[in-house]
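Beneath this line is the structure, given in C-alpha cells, with notes to follow.
Each chain gets a letter, A, B and so on, in the order its sequence line appears, and its residues count up from 1.
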2 protein chains.
Amino acid sequence: MYHALYNHIDRFTNLSIEEHELLATLVQPASYKKKAYLLEAGQTCRANYFVVKGCLRLYFIDIKGAEQTTQFAIENWWISDLTSFLSQRPSDFYIQAAEQTEVIIIEQRHYDELFLKLPKLEKYFRMIFQKLHQASQIRIKYLYSQTAEERYINFNKLFPEFVQRVPQYMLASYLGFTPEFLSKIRAKK
Amino acid sequence: MYHALYNHIDRFTNLSIEEHELLATLVQPASYKKKAYLLEAGQTCRANYFVVKGCLRLYFIDIKGAEQTTQFAIENWWISDLTSFLSQRPSDFYIQAAEQTEVIIIEQRHYDELFLKLPKLEKYFRMIFQKLHQASQIRIKYLYSQTAEERYINFNKLFPEFVQRVPQYMLASYLGFTPEFLSKIRAKK
DNA sequence: TTTTTTTCTTAAACTAGATTAAGTTTTTTG
DNA sequence: CAAAAAACTTAATCTAGTTTAAGAAAAAAA
C-alpha cells in the first residue's frame, strides 16, 4: 500500500515493521484523475502530498487572469502550499493533477502527531526540506542569470523526459515566460 | 558564547545543559567586518552560518559581470550555499558580510556528527528548512505575480527596517532588477 | 470518426525594464 | 578634514519578452 513512501523514507532513515504500521495509521492513499483539484484557491490546504505515480502542479491565478505554475511534483516528491498548510488559513493556490496521479496524504491534523510518534521522521523531513531548499537556491540562480531562452534550453537538457509529460503552457509559466514566447523559441531551432 | 543559538533552538526543541555543552564542541564563533568574505566563488563552502548579529548576503556574478544577490541572512537566520556545502564541491557563490557580522559556524565535517550526537537537532533543522522552503514559495509567488515596482513597494512595506540596512544596489538585485531602475522607482514618489 | 475542447503557432504592435554613460552625493579611509 | 572610493541619480536609447488576435493542430470526448 505505502511501499513507495516506505522505500523513500528508507533512503534516509530506517523504520522497523512496527514503525511502518504506525505510519500507516497516520497517512492515507488517494487517486486523482487528470485535471482534478487537490486544493483550490480560497480553501485551506489540508495536507502534504507525496506523489507515488503521476504529476501534480502548484499554481495561482495572477491579476491578469493567467495561471502561474510555481512548482511541479513527480514521483517521490512532496508538494503543498506550506503557508496555508502550517497556518491552516485559506490558500491563494491551486494544486492540480497534471496527469492521473496517485498520492499518499498526510493531513495537517496528523502532522504534529507524526513526529511525536515517529521521531525518526524528523530526519526524513529534515532531508526533504533540505533538498527543497537546495532546489530553490538553484532555481533562483537560474532565474537571475539566464534569459528565457536559456532557461528553456537548460531545462530541456536537464529534464528531457519531464518536458514531454506536461503541456507547454504549464512549462512556460514555470520557467517564467508566456506560452507565445515559448513557441517563438521553439520555432527558431 | 552561543546564547543566541541556544535560544533559537529552544524555540523549537529543548536542549539540556549537557546537550548545550556538547553542541558547543561542534560549532565555533566568528566575527567578520563589513565586506569580508566567508566564501568566494571557486572555493568549497565549508560551513553553514548562523547569524547572531549583523547581515550576510549570498550572491554570484553573472555573465555580464553584475553581482546578483540571491539571499540575505540577518539575526537568527542560517545561510550557506547548500549545494556546495553538502557535496563539498566548488561554489559559484560568494557569501559576504553586508555589515560587521557575528556568526556561529557549523563546519561540514561536523554536520553529520551533529545529528548523530544531538538527534533533537533533527527537529530544529527540519523546522529551519521548512521555514526556508516556505519563504521560497512566497518569494517565487511575488516574483511571478508582481512588477519590479510592486515588489519594491511590497518589500518596503514588509521590511522597512531592513531596507535601511543594505545598499540599494544589493536590494535591487535581490528583487530582480537594476539599481538604475530602483532610482527611477524612488524618483516617482 | 465526428465534434468539441484543449493546446500550440504566428505575427504585428507594444512596453517594462535594461543598458550606457555621465554626473552627483554619500561614505569611508588615511 | 581632505581625498578616494562607494553608492546613487538622471536621461536617452534600446531590446527581450508581452500582448493581442486569429488561425491551425492535436487531443479528448461523444
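Between R57(A) and E67(A), at least one side-chain N (NZ, or NE/NH1/NH2) sits under 4.0 Å from a carboxylate O, which counts as a salt bridge.
Whole-Å rounding puts the L182(B) CG to dT19(C) P distance at 15 Å. When the P atom of dA6(D) is taken as reference, atom CD of Q96(B) falls 11 Å away, rounded to whole Å. The nearest whole Å value for the distance from the OH atom in Y152(A) to the P atom in dG17(D) is 15 Å. Summarising the geometry, the separation between OH on Y144(A) and C1' on dA18(C) is reported as 16 Å, rounded to the nearest angstrom. A straight line from NZ of K188(A) to P of dA11(C) spans 15 Å, rounded to a whole angstrom. What separates NZ of K184(A) from P of dT9(C) is a distance of 14 Å, to the nearest Å. Between K35(B) atom NZ and dT28(C) atom C1' the separation is 9 Å, expressed in whole Å. Atom CD of E67(B) and atom C1' of dA18(C) are 18 Å apart (whole Å).
You'll find that the side chain of F177(A) is closest to dT18(D), out of dC8(D), dT18(D), dA21(D). Ranking dT18(D), dT10(D), dT9(C) by closeness to the F181(A) side chain, first place goes to dT18(D). Closest to the side chain of A187(A), from the set dT10(C), dT28(C), dG17(D), is dT10(C). Considering only side-chain atoms of K34(B), the nucleotide from dA28(D), dT28(C), dA11(C) that sits closest is dT28(C). Considering only side-chain atoms of K64(B), the nucleotide from dG17(C), dG17(D), dT19(C) that sits closest is dT19(C). When distances run from any side-chain atom of R186(A) to the nucleotides dA18(C), dT9(C), dG17(D), the shortest one goes to dT9(C). With dG17(D), dT18(D), dT10(C) as the choices, the nucleotide that has an atom nearest any side-chain atom of T147(A) turns out to be dG17(D).
Place R151(A) and E180(A) on DNA chain D by their nearest nucleotides, and R151(A) ends up nearer the 5' end.
Listed by residue number, P167(B), Q168(B), Y169(B) are the residues of residues 157-172 of chain B with a heavy-atom contact under 4.0 Å to DNA chain D.
Distances shown here put a side-chain N or O of T178(B) below 4.0 Å from the OP1 or OP2 atom of dA18(C).
Scored by the side-chain hydrogen bond (donor to acceptor under 3.5 Å, both in side chains) test, Q137(B) finds Q71(A) as partners (sequence neighbours excluded).
Using a 4.5 Å heavy-atom cutoff, the side chains of I106(A) and F125(A) are in contact. Counting heavy atoms from C-beta on, the side chains of R186(A) and L182(A) come closer than 4.5 Å. Inter-residue side-chain proximity for L38(B) and Q96(B) is flagged as unmet; no heavy-atom pair is nearer than 4.5 Å.
Side-chain rings of F155(A) and Y142(A) stay apart, their centers remaining 6.0 Å or farther from each other. The aromatic ring centroids of Y59(B) and Y174(B) lie 6.0 Å or more from each other.
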